[in-house]
Amino acid sequence: MELRQLEYFREIASTGSINEAARHLNMSQPPLSYQIRQLENELNVKLFDRTSKGVTLTEAGKLLYDRSGNLLEYARSTELEVSKTGKKRILRIGLTPTTVDTIMPYISQFSKKNPDVNFEVHDGITYSLYQYLLDGIIDISVARTPLHLDEVSYMELCSEPMIAVSAPENTASSLKLADLLHRPLILYRRYEELIMNTFHAQNMNPDIFCVCDDPRGAMLWAKENLATAIFPQSMASLCDGLCIQELDEPDLVTKILLIWAKGKKPVPLVQEFLDVCGEH
């Protein structure tokens, strides 16, 4: 199984058409079909169901599509790292949307001390970055609890409460969950279970107006005064023009961590980064 074949396979899966994929890849259809047949023969499975309208993935094809993305990303990352050998060191780090403001001062300090280091940044949700870490695609990641820590080692950077973000018409500096009971709410999906469990533990059923995957986009909903958004406090810098109120709820306090693969000593570059973070 060659990386080139996986790239061809993913292009066909994405377009749903061998002819369209061939056009995108700037090659003719027969050699592309041949490469896919070779891949299917090597794996001894059928990857596509072919119809008059194009192609769709079989169950085996869906599995390969899910796994091949990480394989190709790992290969690209390795190629970049090897090409930089002897020139610049590369720290491959994962960042989540709600932790960028927290980690940047550490990265800045580390970069000033280590001008020979470049960065390869992978943005994503905590669970995706966790898997990237286990797969060796990144060296270290920023993460936020709640999170299972069985397979990683970690360093705690800080802890912070949740905030309620709404149109600028509320005056109280802090709130309890009960104060939000009759407001329509926007929840970031990553913390939906944590927030709902905390409401239910207090025998309350909130009015959930929207559950979203991107907290930055949800800010726009709050600015339109459609609902009150609940986010980690480190999102406050993105809430210009909005009312920000801290939630006085110990069960909603989250921790920001640095995580790396468990069971082995961190590589020197990761240890240098941890040392700088430990100093601050």
Side-chain angles (χ1 to χ4, degrees), residues 94-106 122-131 141-150 152 154-259:
L95 302 180
T96 70
T98 66
T99 59
V100 175
D101 282 355
T102 300
I103 195 61
M104 283 312 300
Y106 297 95
H122 291 257
D123 298 301
I125 62 173
T126 290
Y127 300 124
S128 297
L129 296 175
Y130 190 99
Q131 191 59 50
S141 183
V142 188
R144 186 192 294 273
T145 60
L147 179 69
H148 293 297
L149 300 170
D150 300 345
V152 296
Y154 64 93
M155 171 189 290
E156 181 178 336
L157 296 178
C158 63
S159 60
E160 62 180 32
M162 294 282 183
I163 54 174
V165 180
S166 58
E169 58 183 29
N170 300 293
T171 57
S173 59
S174 65
L175 300 171
K176 302 291 285 186
L177 281 184
D179 298 318
L180 299 177
L181 193 55
H182 300 295
R183 292 193 203 177
L185 301 178
I186 302 171
L187 304 185
Y188 181 24
R189 195 181 310 278
R190 165 75 170 88
Y191 304 105
E192 178 185 7
E193 183 178 359
L194 173 65
I195 293 169
M196 292 302 295
N197 286 345
T198 306
F199 268 112
H200 293 158
Q202 298 181 30
N203 297 314
M204 294 186 290
N205 291 304
D207 176 9
I208 306 303
F209 177 76
C210 174
V211 178
C212 67
D213 289 313
D214 188 342
R216 293 161 295 190
M219 298 299 180
L220 300 177
W221 296 60
K223 284 183 178 180
E224 292 296 326
N225 202 22
L226 293 171
T228 296
I230 300 179
F231 296 124
Q233 190 178 51
S234 52
M235 296 296 295
S237 63
L238 301 179
C239 302
D240 290 343
L242 292 169
C243 175
I244 302 171
Q245 297 167 288
E246 182 177 316
L247 286 176
D248 182 17
E249 295 286 349
D251 289 341
L252 292 183
V253 171
T254 63
K255 295 179 181 180
I256 298 178
L257 313 172
L258 282 173
I259 60 174

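Side-chain atoms of E249 come within 3.5 Å of backbone atoms of L177 as a donor-acceptor pair (strictly under, hydrogens ignored). Judged purely by atom type and a 3.5 angstrom limit, K176 uses its side chain to pair as donor or acceptor with the backbone of D248. Judged by distance alone, the side chain of Y130 and the main-chain N or O of H148 form a donor-acceptor pair under 3.5 Å. The backbone N or O of L194 lies less than 3.5 Å from no partner atom in the side chain of N197, so there is not a single donor-acceptor pair.
Residue I195 holds its CD1 atom at 5.0 Å from CG of L187, rounded to the nearest 0.5 Å. Note that the CG atom of L95 and the OG atom of S141 stand 7.0 Å from one another [nearest 0.5 Å]. In this structure, the separation between CG on L157 and CD1 on I103 is 5.0 Å, given to the nearest 0.5 Å.
Of all heavy-atom pairs between M162 and P232, the closest is SD-N, 3.5 Å. Considering every non-hydrogen atom in both R190 and T145, the closest pair reads NH2-C, 4.1 Å. Taking all atoms of both residues into account, the shortest heavy-atom contact from C212 to I186 is SG-CG2, 4.2 Å. Contact record, M235 with C239: O-SG, 3.3 Å, taken as the closest heavy-atom pair. The two residues P184 and A227 make their nearest non-hydrogen contact at O-CB, 3.3 Å. When all heavy atoms of T228 and A164 are compared, the closest pair comes out as CG2-CB, 3.8 Å.
With F209 as the aromatic partner, R183 does not meet the cation-pi criteria of under 6.0 angstrom to the ring centre and within 45 degrees of the ring axis.
No hydrogens or angles considered: a donor-acceptor pair under 3.5 Å links the side chains of E160 and S234.
A 4.5 Å side-chain heavy-atom check between L257 and L149 finds at least one atom pair inside the cut-off. Within the 4.5 Å cutoff, no side-chain heavy atoms of V142 are placed close to those of T102. Considering only heavy atoms from C-beta on, S166 comes within 4.5 Å of Q245 through its side chain. The closest side-chain heavy-atom distance from F199 to I208 is not below 4.5 Å. When side chains are defined from C-beta on, L147 does not count as touching Y154, because their heavy atoms never get closer than 4.5 Å.
For CD of E224, the number of neighbouring non-hydrogen atoms (other residues, nucleotides, ligands) closer than 6.0 Å is 12 at most. Atom CD of Q131 is surrounded by more than 12 heavy atoms from other residues, nucleotides or ligands within 6.0 Å.
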Would you please test R144 and T254 for side chain to side chain donor-acceptor pair (under 3.5 Å) and show each step? CA-CA 7 Å; R144 186 192 294 273; T254 63; 2.9 Å; yes
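A side chain to side chain contact (heavy atoms under 4.5 Å, CB included) with T96 holds for exactly one of L129, I125, I256; it is L129.
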